[in-house]
Every structure is written in structure tokens, then in C-alpha cells.
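All chains are named by letter (A, B, ...) in the order of the sequence lines, taking the proteins before the strands, and each is independently numbered beginning at 1.
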Protein chains: 2
Amino acid sequence: MSAEAEEPRRHRLTRAEAKARTRELLLEAAARTFARKGFAGASVEEIAAEAGFTVGALYSNFAGKEELFLQLMSGRARDRVSSTAEVLAGEYPTDRDRWTALGQQMIDVADKDMDIAPLQAEFWLYAVRHPEAMETFRAQLGQRRAPLERLIGEGLERGRYPDDLPGRVATVVSALFQGMVRQRRIDPDNVSAELYGDALRWLFTGLEVCESRPAGDEAAEAGDG
Amino acid sequence: MSAEAEEPRRHRLTRAEAKARTRELLLEAAARTFARKGFAGASVEEIAAEAGFTVGALYSNFAGKEELFLQLMSGRARDRVSSTAEVLAGEYPTDRDRWTALGQQMIDVADKDMDIAPLQAEFWLYAVRHPEAMETFRAQLGQRRAPLERLIGEGLERGRYPDDLPGRVATVVSALFQGMVRQRRIDPDNVSAELYGDALRWLFTGLEVCESRPAGDEAAEAGDG
DNA sequence: GTCTATAAACAGATAGAC
DNA sequence: GTCTATCTGTTTATAGAC
């Protein structure tokens with residue numbers, strides 16, 4: 001795009017570009033290797049080799065294994081996998097079709113990149129064991145959740161539901177998906193694409209019954225005894 | 001020499017009992033250590049020390065770290081933590097109270113033994129990475145799910161719902177809980193006790209709306225379109 | 001049955017060659 | 001900027017003492 005100064009790529013890449021590319025390759029290799037072997041189980045040599053380098057290149061770009069892992073955790077959550085929101089963004093004729101197609105798409109995404117679930121699990125375990133890194137991981141989860149929350153907010157007509165409902169529902173939907181994706185890896189037969197859609201249909205149907213109130217009614221009437 | 005045959009516990013424990021106790025202590029120590037450090041991150045020396053022994057005792061009772069881990073995975077899932085079903089078994093005046101109390105109890109259980117979620121994550125990761133161990137882990141999950149499925153089946157009046165519904169709902173509820181417990185460790189503020197209850201209320205309300213059919217009606221009528 | 005001592009392999013990280 | 005060689009600590013697992 002932009003000419004760095006005057007002769008951006010006379011032959012191939014500038015030194016800075018080459019280094020940036022190495023760094024990127026190392027990050028991608030690290031993602032695969034950490035997913036396959038875990039944080040403690042993956043060796044720096046293994047990661048470097050997966051990227052097509054040796055340890056020297058790794059230590060030239062990162063302080064060590066831990067920093068590499070943390071960079072991965074804090075890095076772009078959404079430019080590697082289609083986010084939940086993109087999946088949700090499709091348009092479907094009826095609500096039933098919408099949930100069904102959504103469930104199918106979630107499965108497709110989860111089945112396509114088999115590494116993300118184990119990698120997320122590694123992130124989670126690391127955050128649980130290193131409280132100082134928890135904020136970093138929370139931020140990554142927030143990146144994933146935000147578009148989902150927005151989309152749910154659009155789906156629920158404003159005024160008929162409490163303002164904090166989309167956020168709460170986003171948490172539930174996110175937790176449900178993560179849980180089902182994980183269980184599907186163990187028990188594929190018990191976690192079909194159809195079940196994803198059913199669960200969402202149950203959830204949003206119950207949501208409307210339980211939480212909606214007549215339009216224009218400002219204060220929600222809690223009719224429980 | 002020994003009066004074991006006739007005087008089983010003249011002083012304290014028989015040799016077999018002592019060994020069994022050592023084995024049990026090692027398993028418990030392994031559970032804590034694997035939860036805290038992970039499978040690859042925990043060393044056998046650390047596990048043995050946590051149990052009050054040295055490596056010799058460990059290798060005298062287990063073939064190695066991997067066998068110890070697998071024994072833990074295949075071992076009793078329910079005699080250490082109160083299962084979901086026990087939580088569900090309580091009685092509550094109204095449905096709303098039931099969901100609220102259930103959500104609170106799930107949080108209490110999850111917060112009380114902070115080790116089970118990381119340990120389950122370790123099991124899951126191991127199973128994903130070692131397909132030959134997946135069946136073992138699936139069996140453990142089955143042990144946890146069975147009572148939940150039974151209880152849900154009791155809650156849904158027979159005849160009004162498809163026969164396979166309790167199993168499907170159990171999967172969804174189980175996934176939902178696992179997902180929320182995990183997210184709560186990262187974002188406690190966003191996953192309150194109340195939200196557990198709300199999610200369940202939404203789910204079961206929607207379930208009744210979507211899946212129930214008039215008593216006596218054999219074929220379910222799909223009224224969407 | 002458990003502990004101590006040790007063997008052999010491997011890890012993360014660094015220094016200097018190119 | 002990356003690679004090769006190496007240093008240092010730690011790991012699993014075993015052998016023999018008690």
C-alpha cells in the first residue's frame with residue numbers, strides 16, 4: 001500500500017517487513033503447537049521448527065516462551081476465526097431456520113479450525129493459574145462477546161426488555177456454545193448441529209416469555225410471589 | 001511371621017491397607033497438583049511431595065505420571081464432588097425459587113472446590129490430544145450426566161415430550177453450566193448466581209413452549225412456518 | 001513399601017558465527 | 001536476523017539401601 005520511504009520493495013522485503021513476517025509465522029506456528037501440545041508441553045524448538053526456523057529466530061523476536069504465549073493471548077482474537085457475530089449476521093426466512101442455520105454454522109466453524117477450542121482452553125487454564133494474565137484473557141473474551149451482544153440487542157426490540165439483558169444473554173449464549181463445542185469433541189453423537197439450534201430456540205423463546213413486557217411500560221412488573 | 005490372616009489390624013493397618021491408603025493419598029495429591037500445574041507442568045516429585053512421600057512411593061504404586069493421570073480420569077467422578085443431580089435434588093416452593101436456588105448451589109459447588117474445573121479442562125485437553133483416552137473421559141462425563149438426565153426426565157411429564165428430550169436437555173444444561181463456570185472464573189461480575197437461575201428459567205420455559213404437546217397426542221405437531 | 005542416589009534425556013535460554 | 005553450539009537446570013525413571 002504505502003511506500004515506506006522511496007524504494008519500499010526493490011528486491012523483496014525490507015528488513016523490518018522480513019522480521020515482521022517471521023514474527024507472524026512464529027505466532028501462527030505457536031498457535032498450532034500450543035493447541036497440539038499445550039503451553040507446558042510445547043517446546044520452543046518445536047514451535048520454531050513448525051514455523052520453519054530454529055530457536056534463534058524465536059528468541060530474536062520474543063523474550064521467551066511465556067511472552068510468545070501471552071502475545072498470542074492478547075493478539076487479535078477475530079482476524080483468525082470468523083467471530084460468533086459474523087455467523088449470526090446471516091439472514092434466514094424464519095426464526096426456526098435461523099436457529100437451525102446458526103447451529104449448523106457454529107458446528108462448521110468449530111469443526112473447521114479444530115485448534116481454537118484447545119487453544120482457548122490453554123488460555124483459560126493459564127489465566128486461572130496466573131491471575132496477572134487474567135485481565136488479558138478477559139479482554140480477548142470481551143472482543144468475542146461484544147459483537148454478539150450487539151446483535152442480540154438488535155434482535156430484542158428496545159423498550160420491551162431490560163437494558164442489561166443483551167449483555168446477560170450474550171454471556172449465556174457464549175457459555176452455551178463453548179460448553180457444547182467442548183462436549184462435541186468428546187461425544188459428537190450427543191451434540192448434533194440440530195441440538196445447537198434447538199438450544200437457542202428454547203433459550204430465546206423462554207426469554208420472550210419470561211422477560212418481555214408490554215411496549216411502553218417503563219417499569220418492569222415482577223409478577224412473582 | 002505375620003498375623004495378618006487372623007489378626008487383621010493388631011496394631012494399625014495391614015500392609016495392603018497401608019498401600020491402598022498411600023495410593024489414595026497419591027491420587028488426591030495428583031488431583032490437586034494437576035489442577036494447579038497441569039498434566040505436563042506437574043512433576044512426579046511435586047505430586048509425591050504433595051502427598052507426603054517421595055518419588056519412590058509413587059513409582060511403587062503407579063507405572064508413571066501418565067498412568068497416574070489416567071487412573072484419576074477413569075476414577076470415581078462423583079465421590080469427590082457433589083454431582084449436579086444432588087444439587088438438583090433439593091425441593092423448592094416455586095419454579096422461580098427452584099431455578100434461583102439451583103443457580104446459587106451451582107456457584108457454591110464451583111466456588112467451593114476450585115480445582116475441579118481446571119482438572120476437568122486438563123482431562124478434556126488430554127482426551128482431545130490422545131484419542132485412545134477419549135472413551136475413558138466420555139465415560140466419566142456420562143457418569144456426571146446420567147443422574148442429571150434422569151432428574152430432567154422426571155421433571156418433564158412423560159408423554160408430553162419426546163422420549164429423547166431429557167438426554168438432549170441434559171447435554172444442553174451440562175454444557176451451559178460448564179461454560180458458565182469457566183467464564184465466571186474470568187469474569188465473576190458478568191456471571192452472577194442470578195444469571196445461572198435466569199438461564200435455566202429461560203431454557204425450561206422455552207422448552208415447554210416449543211416441545212410440549214397436548215397429552216395423548218402421539219405425533220408432535222410442528223407449528224412453525 | 002518407601003527412600004536415597006543416580007542415570008539419561010530434555011527443557012529454556014544465551015553467546016558467538018555468519 | 002537467523003543459525004549453531006553450549007550451558008544450566010529440571011525431568012522421568014530406575015537401582016539399591018533400609
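Between Phe123(B) and Phe69(B), the ring planes lie perpendicular to each other; the angle is over 60°, past the 30° to 60° tilted range. Aromatic ring orientation, Phe34(B) versus Phe39(B): tilted (interplanar angle from 30° to 60°).
Side-chain contact check for Arg185(A) versus Pro118(A): some heavy-atom pair is nearer than 4.5 Å.
As a whole-Å value, the separation of Arg23(A) CZ from dG1(D) P is 13 Å. Here the P atom of nucleotide dA13(C) and the CD1 atom of Ile47(A) are 11 Å apart, to the nearest Å. As rounded to whole Å, 14 Å separates atom C1' of dT2(C) from atom CZ of Phe62(B). In this entry the distance linking CZ of Phe53(A) with C1' of dG1(D) reads 10 Å, nearest Å. If you measure from atom CG of Leu26(A) to atom P of dG12(C), you get 14 Å, rounded to the nearest angstrom.
In the set dG1(C), dC3(D), dC3(C), the nucleotide with an atom closest to the side chain of Ala57(B) is dC3(C).
Checked for salt-bridge contact, Glu135(B) and Arg138(B) meet the test: a charged N lies under 4.0 Å from a carboxylate O. Taking a cutoff of 4.0 Å between a charged side-chain nitrogen and a carboxylate oxygen, Glu154(A) and Arg150(A) qualify as a salt bridge.
Considering Leu58(B), Asn61(B), Val44(B) as possible partners of Leu68(B), the one that fulfils the side chain to side chain contact (heavy atoms under 4.5 Å, CB included) test is Leu58(B). Screening Asn190(A), Asp111(A), Asp189(A), Leu195(A) against Arg184(A) for a side chain to side chain contact (heavy atoms under 4.5 Å, CB included) leaves a single residue, Asp111(A).
Note on Thr22(B): every side-chain N or O is 4.0 Å or more away from OP1 and OP2 of dG1(C).
Taking Ser43(A) as the reference, Glu45(A), Glu46(A) meet the side-chain contact (heavy atoms from CB on, under 4.5 Å) condition, with sequence neighbours excluded.
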Report, as a single string ordered 5' to 3', how protein heavy atoms within less than 4.0 Å touch nucleotides 8-18 of chain D: B base, S sugar-phosphate only, - not at all. ---SSBB----
How is the base pairing of DNA chain D summarised as a dot-bracket string, given the Watson-Crick and G-U wobble criteria with both distances under 3.5 Å, [ ] for crossing and | for another strand? |||||||.||||||||||
